[in-house]
Amino acid sequence: MIRVLLVEDDAAVRGVIEILLATEPDLELVGSVDNAEEAITVAGALTPDLVLLDNQLMGRLTGLEAAPMLKAVAPGVLILLCTALDLADAASAARPDIDGYLRKDRLLDLVDHARALLAQPGSA
Amino acid sequence: MTGEGAPYDTQKIGALFELTSDAVVILEDGQVVAWNQAAEQLFAVTALEAVSPGARPLGEDHDALLALPTTEPPVRYVLSSAAVVQARRLVVAGRDVLVLRDLSPELRRAEGQQLLAALSRELLSQPPRLGAVLQRLCAQAKTLTGAAYSALVVLREGSTTEVSEFFYDAPRELFPARMPRTVGLLAVPISTRSPARLDDIRGHAAGVGLPGVHPPLGPLLAVPLVAGDDVLGEIAVSGPPGSRVFDEVDEALMVDLAAHTAVALRWAQAAETERERVLVRQEVVDTARHDIRTPVGAGKGYAKLLSTKLDRLSPAQLEMALHGLTDSFARIEAFSERLLLDERSATAGVEPQWELVELVPLLESLQRDAEVSTGHREVVALDWQPDAPSHAAADPEMLRQVLDNLVGNALKHAGSATVTVRGEGELVRFDIRDSGPGIPEAEHERLFDRWTRGDRARRGQIQGMGLGLSIVKRLVVAHGGGVGVSSRPGEGATFWVTFPVEVPA
């Protein structure tokens, strides 16, 4: 079972992910929050395998700013940045604490991305 | 007190005195220490004698000497109370030397024409930048007339009262910190299309006085900038009280300056407008491209869920997905309408269609929409003060756009907002408060200008705020209202706007 924490401030996008994960037997939504501060607070206790992280969020921190902190409180967690950026922009924003990118116009790719990431040797 | 020029030895000062037919005055620390005969003729002998024995500073009757700039190029015209002269300021053997040459009106006119011809060639040799043209005109006006100050106003296209550019070449304290919105003092030459002196302006119905804090001005001469049938603006010269009164040569040269440069000014204005239009369109497109992706992505997500997983969805999930799909389309539709409005407000003139707008339904619908877009309850709190008017006089779409924009920003930065409504004289005031990261004070002034976004936004994290606030300002100003912000880093921000309560007559 892949445990997913969703950090997303848009209600519609949250809705898609919530329904999607409810229909996938090997993925479980363990938490859903709309700001990075709360994500950092709950990530340690929820022990997710994967954080689906939006960049533009409510609150003071952006997703990219929060990523290293999430890795600090939940060691070994994989971070998938959900982005409305172009792939070219995403590539230029490539960072060691981001394990993958999910395009906002292809939300259902989350399932394949998550399975591929978690199947990699050395992952949680 | 240093000037330009080759260093001279003391013997050469003597030679200068003997050989030149020009007036020479030696200054030390702003005090006259010596002069030649020609200087005596040029200035009243009594005045020079009066300052000689104790080597006291020049009195006000020699304001022209004192008004000489120390940072300007060495050759320029200066004015005395008696004559128009050309001066070269030199440092000779460590002494400040003025070499003065009396100019006849004919000579001034001829030299002025040469300067103007050169200026025209320069301005028309390539597409001029508006800022550079304004600067050159102001500098040239001072050179031609020897005035201490110059100022220039360019009108908004098609208007005879609204200012689009304001430029001055004068001490800062003489002018308001903010650009005037309408021509006040300088309205006369624009409405009469002819040169005006301070007396014309004082005696004219349209001649609004200078702001109360304005230091007193001496003589003033203002001429309209006319291109074809259009008055583009005007240019004025002035100086401190007691300066030489502008004569007919000054007036002729100023009229020539306006005639020579109005075409270049219009060209620069058109080029600037076009550059700006292109930039604004690009900004609108970039912002839209980013902002549309979330609702489109969500809509696609719901559609894909319905098409690939229909058999696995529970009735509740099915209903949620259908609702989400409908909602996404509604957001995309609202977005495209707002985009059109943004584009229009950003690039075209704003003409409110006045109505009396009931505030309670307006703000409650704004509150509901914020709940829908964030998926959270009570993200926008309404605080009705006892003196809050029941309605505002505004274009309903524009008022909504202004409040949407400010509330949207608060939600982006802080996730929630409080809107306080109160009366303020003839106005209704909306304060939109958030508890976000706040905005450094240095940013406040520029926040409402186009292209300016806070640091966070420049890092690409908050999109479209610069454009949004510049649109807010345009819309509010078109209603005769005001806009502002108070904020400190770490303490959230309060944006406020005012709208009239009654439709202006």
Side-chain angles (χ1 to χ4, degrees), chain A residues 6-25 27 29 32-39 52-67 81-90 92-93 101-112, chain B residues 289-314 316-321 323-332 371-376 379 410-416 434-438 456-457 459-463 490 492:
Chain A
L6 174 61
V7 190
E8 165 65 57
D9 67 343
D10 188 89
V13 174
R14 274 203 308 273
V16 173
I17 304 291
E18 282 166 16
I19 298 175
L20 174 67
L21 295 187
T23 59
E24 294 295 331
L27 284 115
L29 186 65
S32 175
V33 296
D34 65 13
N35 66 83
E37 289 83 349
E38 206 179 334
L52 179 60
L53 182 64
D54 189 19
N55 186 41
Q56 229 174 283
L57 289 164
M58 287 184 185
R60 294 175 187 200
L61 289 175
T62 66
L64 281 170
E65 284 165 348
L81 192 76
C82 187
T83 174
L85 302 173
D86 283 324
L87 286 181
D89 297 334
S92 71
Y101 295 89
L102 178 68
R103 284 175 50 170
K104 275 217 164 142
D105 59 346
R106 310 197 46 174
L107 291 172
L108 269 57
D109 288 355
L110 168 66
V111 177
D112 293 339
Chain B
R289 218 163 54 96
H290 181 277
D291 289 357
I292 193 77
R293 286 189 182 176
T294 299
V296 166
K300 270 178 82 173
Y302 285 120
K304 197 99 190 264
L305 280 174
L306 289 167
S307 65
T308 59
K309 293 171 176 278
L310 190 58
D311 52 336
R312 275 186 276 166
L313 296 180
S314 69
Q317 285 170 342
L318 182 63
E319 196 192 326
M320 194 176 151
H323 187 78
L325 186 60
T326 315
D327 205 50
S328 298
F329 273 112
R331 278 171 70 188
I332 293 165
E371 290 181 359
V372 169
S373 73
T374 58
H376 291 282
V379 284
L411 294 178
K412 265 190 224 170
H413 287 94
S416 65
D434 71 52
S435 53
R456 230 172 111 83
R459 300 206 307 265
Q461 290 158 355
I462 287 158
Q463 299 288 320

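These figures come from a predicted structure and were not determined experimentally. In what follows, chains are A, B, ... by sequence order, proteins preceding strands, each numbered from 1.
In terms of modelled atom types and a separation under 3.5 Å, the side chain of B:K300 and the main chain of A:D105 share a donor-acceptor contact. Not a single donor-acceptor pair under 3.5 Å links the side chain of B:Y302 to the backbone N or O of A:V13.
Contact annotation for A:L108: only side-chain heavy atoms (C-beta onward) come within less than 4.5 Å of a heavy atom of chain B. Interface residue A:D34: only side-chain heavy atoms are found under 4.5 Å from chain B. With a 4.5 angstrom heavy-atom cutoff, B:L325 does not touch chain A via any of its atoms. Residue B:T308 touches chain A through its side chain alone, counting heavy-atom pairs closer than 4.5 Å.
Side chains of A:I19 and B:K309 form no contact here, defined as non-hydrogen atoms less than 4.5 Å apart.
Counting all heavy atoms, side chain and backbone alike, A:G15 lies closest to B:M320 at CA-CE, 3.6 Å.
Salt bridge absent: A:D10 and B:R293 never bring a charged side-chain N and a carboxylate O closer than 4.0 Å.
The environment of B:R312 atom CZ is dense: over 12 non-hydrogen atoms of other residues, nucleotides or ligands sit within 6.0 angstrom. Within a 6.0 Å radius of CD in B:E319, no more than 12 heavy atoms belonging to other residues, nucleotides or ligands are found.
Atom CG in B:L305 sits 6.5 Å away from atom OG1 in A:T23 (nearest 0.5 Å).
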